[in-house]
Amino acid sequence: MTQHRIAAVEALEYPTLRVTFDDGLDGILDLSDLIADGPAFAPLKNEAYFRTVAVGAHGWTFGWNLDEQGQEIDFCPDATRIRIETQIVEDLANRFDRGRIAAA
């Protein structure tokens, strides 16, 4: 299994991020559900703080407060990639279905 690293992360319209991997794949990660439901993510309710997202050392993670052990909020590249790839496939399937209905 190839382990991909994070090449870049950018805060977009709150609470979404554009995550780019080392192989060029990128996608939008919506953190609405985590921020709403997870007490560990409560600091991300502050939009200014949310915008301080950064890539960790060597691209093995991304998140907030990465240099403050015990205070960091970080995300695994593999789980993030699965979430983004799933969203890409779902978007393509939805576009295909809409195209079939329009052509029928």
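None of the values given here were measured: they were computed from a predicted structure.
- Taking every heavy atom of both residues into account, Asp74 and Leu66 meet most closely at CB-CD2, 3.7 Å.
- Heavy atoms from other residues, nucleotides or ligands lying under 6.0 Å from CG of Asp33 number more than 12.
- In plain terms, the two heavy atoms of Val53 and Trp64 that are nearest each other are N-NE1, 3.3 Å.
- Side-chain contact check for Glu85 versus Leu25: some heavy-atom pair is nearer than 4.5 Å.
- When hydrophobic clusters are built by joining Ile, Leu, Val, Met, Phe, Trp and Tyr residues whose side-chain heavy atoms come closer than 4.5 Å, directly or via intermediates, Leu17 is not grouped with Ile82.
- With rounding to the nearest 0.5 angstrom, the CZ atom of Arg5 is 4.0 Å from the CH2 atom of Trp60.
- A donor atom on one side chain and an acceptor atom on the other are not found under 3.5 Å apart for Asn94 and Glu90.
- Here Asp23 pairs with Arg81 under the salt bridge (Lys or Arg N to Asp or Glu O under 4.0 Å) rule; sequence neighbours left out.
- Under a hydrophobic-cluster definition in which Ile, Leu, Val, Met, Phe, Trp and Tyr are linked whenever side-chain heavy atoms come within less than 4.5 Å, directly or via other members, Leu12 and Val19 are assigned to different clusters.
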Exercise for review: Determine, step by step, whether Lys45 and Asp37 satisfy the salt bridge (Lys or Arg N to Asp or Glu O under 4.0 Å) criterion, reporting the C-alpha distance in whole Å, the side-chain angles of both residues, the deciding distance to 0.1 Å, and the verdict.
Suggested key: CA-CA 11 Å; Lys45 291 180 180 181; Asp37 297 334; over 6 Å; no
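- Checked against the 6.0 Å centroid criterion, the rings of Phe50 and Phe41 do not qualify as a close aromatic pair.
- At a threshold of 4.5 Å between non-hydrogen side-chain atoms, the residues Leu44 and Pro15 do not count as touching.
- The shortest non-hydrogen separation linking Asn65 to Glu72 is O-CB, 3.2 Å.
- Using a 4.5 Å heavy-atom threshold, the side chains of Ile6 and Phe75 count as separate.
- Without hydrogens or angle criteria, Asn46 side chain to Tyr49 main chain gives a donor-acceptor distance under 3.5 Å.
- The stretch residues 12-21 participates, sequence neighbours left out, in these side chain to side chain donor-acceptor pair (under 3.5 Å) pairs: Arg18-Asp26.
- Among all heavy-atom pairs drawn from Asp30 and Arg83, the shortest one is O-NH2, 3.0 Å.
- Within a 6.0 Å radius of CD in Glu47, other residues, nucleotides and ligands contribute more than 12 heavy atoms.
- Closest approach of His4 and Pro77 over heavy atoms only: O-CB, 3.5 Å.
- Inter-residue side-chain proximity for Pro43 and Ile73 is flagged as met; some heavy-atom pair is nearer than 4.5 Å.
- Side-chain contact check for Leu31 versus Leu29: some heavy-atom pair is nearer than 4.5 Å.
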